[in-house]
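For reference, the structure discussed in these notes is given below.
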Amino acid sequence: MIQFFNTLSGKVQPFHPLKKNQVKLYTCGPTVYDYAHIGNFRAYLFEDLLKRFLLFQGYRVLHVMNLTDVDDKTIKGARAEGISLKEFTQKYTDAFFQDIDTLNIHRADYYPRATQHISSMVRIIKGLLQKGYAYEKDGSVYYDISKFKDYGKLSKIKMHKLKTGTRIESDEYEKESAHDFALWKYKKEGEPYWETEIGPGRPGWHIECSAMSSQYLGDTFDIHCGGVDNIFPHHENEIAQSEAYSGKEFVRYWLHCHHLIVNGEKMSKSKGNFYTLRDLLERDVNPRVLRFLLLSTHYRKILNFTFEALDQASTSLQRITDFIYNLGHQSFPSGESKDISQLIQNTKQKFISGLSNDLNISQALPPIFEMIRKVNRLIKQKKVYQKDTQNLRTFIHSVDNVLAVLPQEKEESLSSELMEKIKLRQKARKEKNYELADRIRDELYQKGIILEDTKNGVRWKIIKKKK
RNA sequence: GGCGCGGUGCCCAAGUGGACUAAGGGAGGGGUUUGCAAAACCUCGAUUCGUCGGUUCGAAUCCGACCCGCGCCUCCA
């Protein structure tokens, strides 16, 4: 049985999708005004783990992720670069897709853009006006939160206890109450706007998610994810809009992932600890290792990103990849052992129950490492057979359908020049010219290539370049 | 002020009343193996789970107080 911590109930609870075997998932996507940073990717990776695990468990998943391509930041950015909003956001949208591919994140089924769903938003805003949940002022439309009884049910915030920040008072738009929020912002000089039934203007921050989620997933859907910082006000407001409009429950399970910090502090550009994926790739960080690191802390814990942690993740992951490699590059006697198949079954069961427990990766991973140690021990005792190695590899690869951290079979290759060096060294070793052999090994090590002499020949592997 | 998170060995991190004389990964010490390495295997590392009290036959796990670190409260994953 799968269980998730639902922000709405504040508890871990059993997961039952609305439709048996199908999960409808909405995840808050990027505002495409800049390159995404590793904190963003932590959230997307958590969502990817969630989705891959659901798929692994046999669910069909209908996944929608929005792209916010009109808001204050995108408008400002486009203006600063002197290009159209569309041109500007396209650049970062392309970058976003590149990055999620780099990190091996499954594509969503739909990536609706806010600018292409204005009419859906207008329809909801009109409905909210008709039902009395919204009011118009100076051409803008606001949501009157006092009309929505359940306001605060997600974030557990009591509005009368909320402190009013200075930012609210300085809002450029006129609202009746400080906590009311804009559904529609009346057009402003020099800003993009749409001519609509509710007048010229552009959508407020929250309405796109209400509109696009219901358009693709229906009024009620199973899971909505995002970062904790979205709980209030973004998701609270989505609930207010959607439930007031449809009269139905909006989302059944809210899953929020915690933040990533860097060296114990919040990531910020002024502190110089702000990393985009691209920054890390420039430092020769292997995206698989980054993926493994960001994935291997439970999503509801704060993750402290450090380069030391990255190194640890790298070594840890290497243990799995070496294991797979060894299974494929040693000879084993033909046959099959019951012990191994049983071990695989046990490991699989523990892996699944770990992830079933609110995606507890720290509980799901250890069985894999335990299995690896046990099998390595059995290999030494010559109790592993050919069929076992196939079963083990199939199993590890199926686990990797969820983790997606192992290299592709032919990911790495060496230049022919380096291959010649390796051949030369093999010859030297045969002739017991160890001095030359060691010199070549050192030379390759300087280039970030480790050579291992095994019973079945030489193995090379590329490690991170030494700085 | 409101809401919430966390403090487990050198580092990361599970475990939330009894099989814990506390998983797993990384680093480190010792050994097996190896031409030497690497990998792999064996082995050693917390009488102890922020502190102090309490409940209990029994607590890292429950209760109370306190200390420390952190997040959100209309830019934010």
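Just so we're clear, the structure is a prediction, and the values are computed from it rather than from any experiment. In the text below, chain A, chain B and the rest are named by the order of the sequence lines, each starting its count at 1.
Minimum atom distance to the side chain of A/P366 is reached by B/rA23, of the listed B/rG35, B/rA23, B/rA39. Of the candidates B/rA27, B/rC42, B/rA77, the closest approach to any side-chain atom of A/M267 belongs to B/rA77. Listed nucleotides: B/rC72, B/rG35, B/rG26. Nearest to the side chain of A/D229: B/rC72. The nucleotide whose nearest atom lies closest to any side-chain atom of A/E370 is, among B/rG15, B/rC36, B/rG24, B/rG24.
Nucleotide B/rA77 forms a pair with no other nucleotide shown, judged by Watson-Crick or G-U wobble geometry with both contacts under 3.5 Å. The partner of B/rG69 is B/rC5, by the rule that a Watson-Crick or G-U pair needs both atom distances under 3.5 Å. Partner assigned to B/rA27 is none, using Watson-Crick or G-U wobble distances below 3.5 angstrom. Both distances falling under 3.5 Å, in either a Watson-Crick or a G-U wobble arrangement, occur for no nucleotide opposite B/rU34. Look at B/rG64: its Watson-Crick or wobble partner, with both distances under 3.5 angstrom, is B/rC52. Pair check for B/rA19 finds none; no Watson-Crick or G-U wobble contact set falls under 3.5 Å.
Aromatic ring orientation, A/F221 versus A/Y26: tilted (interplanar angle from 30° to 60°). Ring geometry for A/H235 against A/W254 counts as tilted: the plane angle lies between 30° and 60°, on a 0 to 90° scale.
At B/rC41, one or more side-chain N or O atoms of A/N376 fall inside 4.0 Å of OP1 or OP2 (strictly under the cut-off). Put simply, A/K301 has a side-chain N or O that comes within less than 4.0 Å of OP1 or OP2 on B/rA14. The phosphate of B/rA40 (OP1 or OP2) has a side-chain N or O of A/R319 nearer than 4.0 angstrom. For B/rC72, the OP1/OP2 oxygens have a side-chain nitrogen or oxygen of A/K266 closer than 4.0 Å. Not one side-chain nitrogen or oxygen of A/R300 sits closer than 4.0 Å to the OP1 or OP2 atom of B/rG6. Residue A/R377 has a polar side-chain atom (N or O) positioned under 4.0 Å from OP1 or OP2 of B/rC42. In terms of phosphate contacts, A/N360 brings a side-chain nitrogen or oxygen within less than 4.0 Å of OP1 or OP2 of B/rG15.
With 3.5 Å as the limit, one finds a donor-acceptor pair spanning the side chains of A/S146 and A/D144.
Remark: A/F46 CZ to A/H258 NE2 distance equals 11.0 Å, nearest 0.5 Å. Interatomic distance, A/Y216 OH to A/H63 NE2, rounded to the nearest 0.5 Å: 13.5 Å.
Aromatic stacking of A/H259 on B/rG71: not satisfied for centres closer than 5.5 Å together with planes under 30 degrees.
Rounded to whole Å, atom C1' of B/rG24 lies 14 Å from atom CE of A/M371. Rounded to whole angstrom, the span from the CD atom of A/E452 across to the P atom of B/rC41 amounts to 13 Å. Between A/F369 atom CZ and B/rG26 atom C1' the separation is 10 Å, expressed in whole Å. B/rC42 atom P lies 8 Å from atom NZ of A/K380, rounded to whole Å. One atom, CD1 of A/I231, and another, C1' of B/rG2, lie 15 Å apart when rounded to the nearest Å. In this structure, CD1 of A/I372 is placed 19 Å from P of B/rA23, rounded to the nearest angstrom.
Judged by distance alone, with hydrogens and angles left aside, A/N304 brings no side-chain donor or acceptor close enough to the base of B/rC12 to form a pair under 3.5 Å. In terms of polar N and O atoms assigned as donor or acceptor, the side chain of A/Q312 comes within less than 3.5 Å of the base of B/rC11 in a complementary pairing. Side-chain atoms of A/D438 come within donor-acceptor range of the base of B/rG35, with a qualifying N/O pair under 3.5 Å. Residue side chain A/R441 reaches the base of B/rC36 through a donor-acceptor N/O pair under 3.5 Å, judged by distance alone.
The separation of B/rG25 from B/rG71, taken at their C1' atoms, amounts to 27 Å, rounded to a whole angstrom.
Ring centroid separation for the pair A/Y133 and A/Y135 does not come in under the 6.0 Å cut-off.
The ring pair (Phe, Tyr, Trp, His ring centres under 6.0 Å) test with A/H37 singles out one residue from A/F274, A/Y275, A/Y44, A/F96, and that residue is A/F274.
Annotated as anti: B/rG29, whose glycosidic dihedral deviates from 0 by more than 90°.
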